[in-house]
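Take a look at the structure below.
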Amino acid sequence: MKNNREIFNIVVVGHVDHGKSTVIGRLLYDTKSLTEGAIERVKRISKEKGKPFEYAYLLDAFEEEQKQGITIDTTQLQFHTAKRDYVIIDAPGHKEFLKNMISGAANAEAALLIIDAQEGIQEQSKRHGYILSLLGIQKVYVLVNKMDLIQYSEEKFNAIKLEMNEFLNNLHVYPLKYIPVSAFFGENLTFCSEKMAWYKGEPLLTAIDLFEKDKGLQEKPLRFPIQDVYKFDNRRIIAGRIETGSLRVGDEITISPTNKVTKIKTIEYWAERDRTERVQAPMAVGITVADEFFNQRGEVIAHSDNIPLIADVFRANIFWMGKNALIKNKEYKLKLVTQAVECEIQSINKVIDATTLGAIDDAKAVKTNDVAEVTIRTKKKICFDEFKNNQITGRFVIVDGYDVSGGGIISGLVMSARSASTFSKQAMQMVISCFDEYYYILSEGIVKRSKGKPHTFCIGDVIPSVGVTYEYPPDFDVVDIQTKLIAQIRKSKLYDIVTFAAYQYSGIPLLDSNGLVLRVDNDADFSQFIGELASFEEVGLAEFPNKWFDFAKFRQIRYLKTSKSLNIEYHI
Ligand code: GDP
């Protein structure tokens with residue numbers, strides 16, 4: 001028995017025949033997760049059919065074995081590396097996958113999106129990209145497979161990478177890596193391919209070990225929904241289950257949505273041996289608080305420095321299973337942890353047929369087994385989190401009459417239209433242009449900057465580190481000379497935002513908010529930069545940026561014939 005090994009769930013998606021089964025078969029084979037029997041059987045079948053050994057058949061053999069209960073008793077595919085165990089979330093059909101993901105039956109933490117290098121990006125590849133965005137899967141590698149069929153060409157790989165990246169970025173999916181592979185020949189899977197010496201990244205098996213595991217339930221911010229309040233002696237005991245995070249006696253808490261602030265007085269216990277000062281998810285507990293407000297079921301307790309979102313209008317993605325179609329302006333009940341509230345669909349923004357993934361324009365209703373992007377209005381304010389930040393308080397069900405008819409995940413608040421991208425940490429906001437693209441327009445003879453789709457990046461969000469005209473390293477800091485704030489990017493995620501005063505130069509690249517590199521190598525340089533910044537602000541000379549900023553380190557300017565194609569949004 002392997003105990004306490006980390007388990008990581010991955011889903012593999014891609015257009016049919018682009019190589020999903022072959023990639024999975026190879027991963028199982030190369031990590032020795034298959035029995036000799038299965039391999040022998042595939043060899044025999046291949047020989048009988050007069051065909052070369054197909055890794056894709058391994059998958060069938062493996063699944064067959066599992067069905068017969070020979071190996072393990074789950075239907076999931078598993079393999080392991082030295083670091084951890086992997087479970088490949090089966091996506092036999094999009095419908096099941098979407099339903100399972102939205103309802104919480106499955107949880108893919110990361111995705112491999114496979115594209116055939118020769119066939120290039122197909123409509124299905126784009127739809128799969130859209131699904132990742134719909135489900136808020138942020139950890140994505142794109143595998144450009146069958147590189148052997150395009151003679152391992154770096155140029156063609158780059159062309160696919162640029163096209164797919166532009167498309168995915170528009171959907172706010174920012175792949176962490178693009179890996180050129182030939183699953184059939186095992187190139188760039190377990191070892192670095194000599195045939196693609198131009199590729200400087202890791203082979204697939206090394207790269208998947210680099211996916212960062214989500215924080216465990218206990219490490220997330222405290223979310224303690226109230227189930228009931230009991231009167232006991234003279235005390236009012238608040239009971240419920242801690243969904244995420246932990247709390248201890250003396251902690252300052254806020255009870256939302258009314259945002260009453262108080263302190264934890266006691267954690268109740270039945271027997272002396274259960275006495276504790278600290279409890280954590282997923283424990284069911286009873287507590288008392290210092291101020292006896294009128295607390296009730298449905299309210300959510302959080303630490304005051306990190307409370308949930310509170311709103312009565314929000315955006316969500318829904319999987320609908322109801323007998324009757326989901327329609328606008330009808331009363332439904334929405335249940336989210338212990339909250340139950342009347343709601344209605346304010347708008348149906350997009351409907352997707354879950355079997356074909358085709359988009360249905362102008363849908364007036366969401367039919368059984370459709371997926372939809374909707375805006376929901378609740379009768380009173382409720383507390384929740386975005387699904388990508390908290391999968392428990394970001395998920396709800398919709399009840400139609402007496403039947404649970406749909407499941408949904410919250411994608412965010414309804415924001416007024418924004419014109420600029422920002423890095424954001426509560427009140428700290430930095431307007432950024434480092435994800436804009438620069439093009440030299442041949443027909444006009446000038447350089448133009450193309451703005452990315454405006455987006456707010458919050459702490460923990462993956463940022464687009466690869467663009468058409470830039471490529472940033474996984475770790476860097478972004479200096480905003482307007483607000484005097486510095487954003488820290490670690491492992492391609494927004495890690496923190498600090499003030500100049502609180503900043504410690506640590507040797508990693510420093511960029512300005514346009515993505516230009518600061519010529520700073522040490523603490524002394526950084527202090528000098530800050531010093532000169534003050535005088536530059538007074539006179540506004542070009543000398544200052546010319547001295548300190550280097551455009552070309554991570555950026556380049558690409559040629560475009562005309563500027564017509566800039567800023568095009570793809571509509572599925
Ligand atoms: P799926 O439908 O996405 O699961 O695709 P499969 O894994 O079944 O692969 C479809 C076909 O492409 C099979 O005949 C594979 O042998 C072939 N194939 C997969 N990977 C490669 C590759 O790297 N190079 C070449 N030349 N063929 C491949």
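All residue numbers in this chain count up from 1 along the given sequence. Note that the structure is a prediction, hence the values are computed from the model and not measured. Each ligand, and each atom within it, is numbered from 1 in the order the structure gives.
The shortest N/O to N/O separation between F185 and ligand 1 does not fall below 3.5 Å. Inclusion of F184 in the set of residues having an N or O under 3.5 Å from an N or O of ligand 1 is warranted.
Those atoms of ligand 1 with a heavy atom of T22 less than 4.0 angstrom away are 6 (P), 7 (O), 9 (O), 15 (C), 19 (C), 20 (N). Under a 4.0 Å criterion applied to the non-hydrogen atoms of S182, ligand 1 contributes the atoms 22 (C), 23 (O), 24 (N). Using a 4.0 Å cut-off to heavy atoms of V16, the atoms of ligand 1 that qualify are 2 (O).
At a 4.0 Å heavy-atom cut-off, ligand 1 touches N145 through the side chain alone. Contacts between K146 and ligand 1 below 4.0 angstrom, taking non-hydrogen atoms only, involve backbone and side chain alike. When heavy-atom distances to ligand 1 are checked against a 4.0 Å cut-off, H15 comes that close only through its backbone atoms N, CA, C and O. Using a 4.0 Å cut-off between heavy atoms, D17 contacts ligand 1 through both its backbone and its side chain. Contacts with ligand 1 closer than 4.0 Å are made by side-chain heavy atoms of L149 only, the backbone lying farther away.
Tested against T469 for a side-chain hydrogen bond (donor to acceptor under 3.5 Å, both in side chains), the candidates E437, R558, R449 yield a single pass: E437. If you run side-chain hydrogen bond (donor to acceptor under 3.5 Å, both in side chains) between T244 and each of T393, N390, D385, N389, only N390 comes through.
Heavy-atom minimum distance, Q218 versus P282: NE2-CD, 4.2 Å. Scanning both residues, P175 and Y178, for their nearest heavy atoms gives CG-OH, 3.4 Å.
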Exercise for review: List the steps and the verdict of side-chain hydrogen bond (donor to acceptor under 3.5 Å, both in side chains) for H128 and Y130.
Suggested key: CA-CA 5 Å; H128 287 149; Y130 168 73; over 6 Å; no

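The protein heavy-atom contact nearest to atom 26 (N) of ligand 1 is D148 OD2, 2.7 Å. The protein heavy-atom contact nearest to atom 8 (O) of ligand 1 is A56 CB, 3.8 Å. What sits closest to atom 3 (O) of ligand 1 on the protein, heavy atoms only, is K20 N, 2.8 Å. Nearest protein neighbour of atom 14 (O) of ligand 1, counting heavy atoms only, is E54 OE2, 3.2 Å. In terms of protein heavy-atom proximity, atom 4 (O) of ligand 1 is closest to S21 OG, 2.6 Å. Looking only at protein heavy atoms, the nearest one to atom 5 (O) of ligand 1 is G19 N, 3.1 Å.
By the 30° and 60° cut-offs, the orientation of the rings of F79 relative to Y86 is parallel. Under the 30°/60° scheme for interplanar angles, the aromatic rings of F457 and H455 are found to stand perpendicular.
For the pair L27/L205, a side-chain contact is recorded, criterion being any heavy-atom separation below 4.5 Å from C-beta on. Looking at heavy atoms from C-beta onward, E187 lies out of side-chain contact with M147 at the 4.5 angstrom threshold.
Of the possible polar contacts, none joining the Q346 side chain to the T375 backbone as a donor-acceptor pair under 3.5 Å is found.
Ligand 1 is never approached by G14 to a heavy-atom distance shorter than 4.0 Å.
Using a cutoff of 4.0 Å between basic side-chain nitrogens and carboxylate oxygens, K146 and D116 are scored as salt-bridged.
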